[in-house]
Amino acid sequence: MEEKKFDVQSLIGFLLIGAILIWMLYNNSQETEQDPNPEQTTEQVEKIPTTPAPQVEETSSDLQDSTAMAQAQKQLGSFGYSATLPSATNNITTVSNNLLELKIDNKGGYISEARLTQFKTYDSIPVYLIKDGNASFNLTFTTSDGRILNTKDLFFEPTVTKSGENQVVSMKLKVSETEFLEYRYVLKPGEYMMDFSIRSQGLSGVINPSNEIKLDWQLKGYRHAKSLSYENQYTELIFEYDDGDDDYLGQGDFKEDEATNVTYVAYKQHFFTSILLTDTPFSRGKFTSRNLVQDEDIDTVYTKEFTTTLPLELKGGELNYNMNWYYGPTDYKILNDYDRNLDEIVPLGWGIFGWINKFIFIPFFAFLATFLPNYGIAIIVLTIVVRIVLSPVTYKSYLAQAKMKVLRPEINELNEKYKDNPMKKQQETMKLQNKAGASPLSGCLPALMQIPVFYALFQFFPSAFQLRHKGFLWADDLSSYDTIAELPFSIPFYGDHVSLFPILASIAIFIYMMMTTGQTMSQNQQPGMPNMKFIMYLSPIFMLFFFNNYASGLSLYYFTSNLITIGIMLVIKYAIIDEEKIHAKIQENKKKPKKQGKFAKKMQDMMEQAEQQQKKNKK
């Protein structure tokens, strides 16, 4: 066995290592005892913990993001990606032009506030069509893994760009960076109408095409006018369908309707309107209107609640709809200029009444407003022109009444002679009127001819947006009621105030009825006929109550119209018509053989047959 020898080199190596270690220990002990440099020490202390710290936080953030993503995907499936983005907060994007300010919420991607910058409410508050959650816009769809999602609950990512002078807001509900559902808003300068589109990209495998996608739009209309009942009367839902037909949900606590091929839906709040239009008609639509005013003294925030449900169709697995939003005034000129049949939203009357307003009164009133200093004066001038144009009709009507007045003594004789035989009395009265060339119908027909004009103006003034907040005399707003006294209580159907224009209009119409019917109603009263005297008193009272909450511009028109009519009738009576000449003319007509018209002859034959039948029954 080989014996181990002592290794001198190893010994020397151990000694050298030991010497080095002793020197290092000594050197470290000397540095510890010395005064350290404060700045150098602080820097070192900061560097020691901060170097690994970012690594620790980054690792924790990654774990949190992964956990959040897993939870979001568990709840939302592919759309869980949108919940993990920085945009998944309740932030808003604001865009505006000189007419409109819009705020679009990340959550839901819809407009959370729409303010019309040029207008105020009756109490000087800015006009908001959307604010504080009164409106919602939602798409409901089913994903390929069976989840039912609502866009109003999901977060969109906003992007704001410019296209020329247009402001573009893109709200994207993302599945990934390249797959998303997008709402795109384009606001143009000087426009209440903006472009709006709904499109998807890369969602053909995400959205289940076998289940319908539903678009739901809901809005509760804010009160903007002084008279809540008057505003609510003109607050309604209008929709266009089937290539240009339009319809609306009338008044009532609750109304609903359905239509096919819907091209626009409008929520009209009297003088302001929110409209959704589409280039691609919706295959069908369901609409509801609910009255929210139960007590006018308490419920002063909202007027009506509107809802619309429309289906969206996928094409190639994707959505692609080009639409428009309109938030603005219910002004006939503005709406008509869009050439989208939106003028039908303004209630100008159906048939001939609407045509009279569109082609006569609206252009003529706009012309008057260009050079007259006040809209109240424009109403008076319009009324004067209308009454002058209709004065020939008024003349014929009064002439017929004058003829009946001349015949009254002879008619009274017939009434006395045949008082026991009403059938014979009526028959002889008709013969006398036919020979004299006078008939009650000849006075009624001219009056009937004026009805289209009167009704057209009745529709025109409440819809005239240009009257809003325009004052005249004691009325501070011709589109609302005037007030000369506030009542400490409320009278049913009348209100808690006194309006002067309706009082003046009621007095004028009472005087007019006295002049036209007051003198003859008692003599011409027939058995079984309504009490005409009662009607004469009832009409002014009805106007007094009915118009107390109506637009003062309308009451001003009726007051002026009746006042002018009274003046025209006085001129006709004392300066144009000579009753003695009329009497002489009637006597000449009675001597001439009078050819009966078919209607008069038929009526006379019927009365003769009835008289003969009456004689047989007596026998």
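Keep in mind the model is a prediction, meaning the values are calculated, not measured.
- A pairwise comparison of heavy atoms in T288 and L237 identifies O-CD1, 3.8 Å as the closest pair.
- Atom CG of D123 sits in a crowded spot, with more than 12 heavy atoms from other residues, nucleotides or ligands closer than 6.0 Å.
- The closest side-chain heavy-atom distance from P347 to Y234 is below 4.5 Å.
- Under the ring pair (Phe, Tyr, Trp, His ring centres under 6.0 Å) criterion, the residue pairs touching residues 155-180 are F156-Y183, with sequence neighbours excluded.
- Two residues are said to be in side-chain contact when any heavy atoms from C-beta on lie closer than 4.5 Å; V385 and F364 meet this criterion.
- Between F271 and H224, the gap from one ring centroid to the other reaches at least 6.0 Å.
- No more than 12 heavy-atom neighbours from other residues, nucleotides or ligands sit within 6.0 angstrom of CZ on R184.
- Using cut-offs of 30° and 60° on the angle between ring planes, the pair F137 and F196 is perpendicular.
- By the 6.0 Å contact criterion, OH on Y248 is open, its count of non-hydrogen atoms from other residues, nucleotides or ligands being 12 or less.
- Counting heavy atoms from C-beta on, the side chains of Q466 and Y375 come closer than 4.5 Å.
- Of the possible donor and acceptor atoms, one in the side chain of T383 sits under 3.5 Å from a partner among the backbone N and O of I379.
- Aromatic ring centres of H270 and Y230 lie closer together than 6.0 Å.
- A salt bridge between D145 and R147 is present, with a side-chain N of the basic residue lying under 4.0 Å from a carboxylate O of the acidic one.
- Here the closest heavy-atom approach between residue F465 and residue T330 is recorded as CB-O, 3.9 Å.
- The only member of Y267, F119, Y326 that meets ring pair (Phe, Tyr, Trp, His ring centres under 6.0 Å) when paired with F272 is F119.
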Is there a side chain to side chain donor-acceptor pair (under 3.5 Å) between T263 and E240 once you walk through the steps?
CA-CA 6 Å; T263 44; E240 185 187 59; 2.5 Å; yes

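- Among all heavy-atom pairs drawn from G328 and Y192, the shortest one is CA-CD2, 3.7 Å.
- At most 12 heavy atoms of other shown residues, nucleotides or ligands fall within 6.0 angstrom of atom CD1 in I352.
- Between L219 and E305 there is no side-chain heavy-atom pair separated by less than 4.5 Å.
- Checked against a 6.0 Å centroid threshold, the rings of Y128 and Y222 do not count as neighbours.
- Checked against the 6.0 Å centroid criterion, the rings of Y110 and W325 qualify as a close aromatic pair.
- Between R115 and E101 there is a salt bridge, since a side-chain N of the basic residue sits under 4.0 Å from a carboxylate O of the acidic one.
- With a 6.0 Å cutoff to the six-membered ring centre and a 45° limit on the axis angle, K220 does not count as a cation-pi contact of F306.
- Considering D496, D477, D476 as possible partners of K226, the one that fulfils the salt bridge (Lys or Arg N to Asp or Glu O under 4.0 Å) test is D476.
- The only option from I111, I92, N91, V160 that meets the side-chain contact (heavy atoms from CB on, under 4.5 Å) definition with I104 turns out to be I111.
- A salt bridge is defined here as a Lys NZ or Arg NE, NH1 or NH2 lying under 4.0 Å from an Asp or Glu carboxylate O, and K188 with D195 meets this definition.
- Within 6.0 Å of atom NZ in K214, 12 or fewer heavy atoms from other residues, nucleotides or ligands are found, so the atom counts as exposed in its surroundings.
- Within 6.0 Å of CG in N98 there are more than 12 heavy atoms belonging to other residues, nucleotides or ligands.
- Ring geometry for F546 against Y550 counts as tilted: the plane angle lies between 30° and 60°, on a 0 to 90° scale.
- Electrostatic pairing of K268 and E236 counts as a salt bridge here, judged by a charged N lying under 4.0 Å from a carboxylate O.
- Between L342 and Y264 there is a side-chain heavy-atom pair separated by less than 4.5 Å.
- R223 places a side-chain N or O within donor-acceptor distance of the main-chain N or O of A225, the cut-off being under 3.5 Å.
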Verify salt bridge (Lys or Arg N to Asp or Glu O under 4.0 Å) between K131 and E113, making sure each step is shown before the conclusion.
CA-CA 5 Å; K131 189 182 180 183; E113 189 172 292; 5.5 Å; no

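- Nearest heavy-atom pair, R468 versus K120, reported as atom, atom and distance to 0.1 Å: NH2-O, 2.6 Å.
- A ring-centre distance under 6.0 Å is not found for F458 and F460.
- Screening F365, F361, F353, Y558 against L457 for a side-chain contact (heavy atoms from CB on, under 4.5 Å) leaves a single residue, F361.
- Using a 4.0 Å cut-off between charged nitrogen and carboxylate oxygen, E177 and K174 count as a salt-bridge pair.
- Taking the charged nitrogens against the carboxylate oxygens, K358 and E344 do have a contact shorter than 4.0 Å, which makes a salt bridge.
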Evaluate the side chain to side chain donor-acceptor pair (under 3.5 Å) criterion for residues S200 and E318: first the C-alpha distance (whole Å), next the side-chain angles of each, then the deciding distance (0.1 Å), finally the verdict.
CA-CA 6 Å; S200 65; E318 304 287 355; 2.4 Å; yes

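- Summarising the geometry of T278 relative to V262, their closest heavy-atom pair is CG2-O, 3.7 Å, with the distance given to 0.1 Å.
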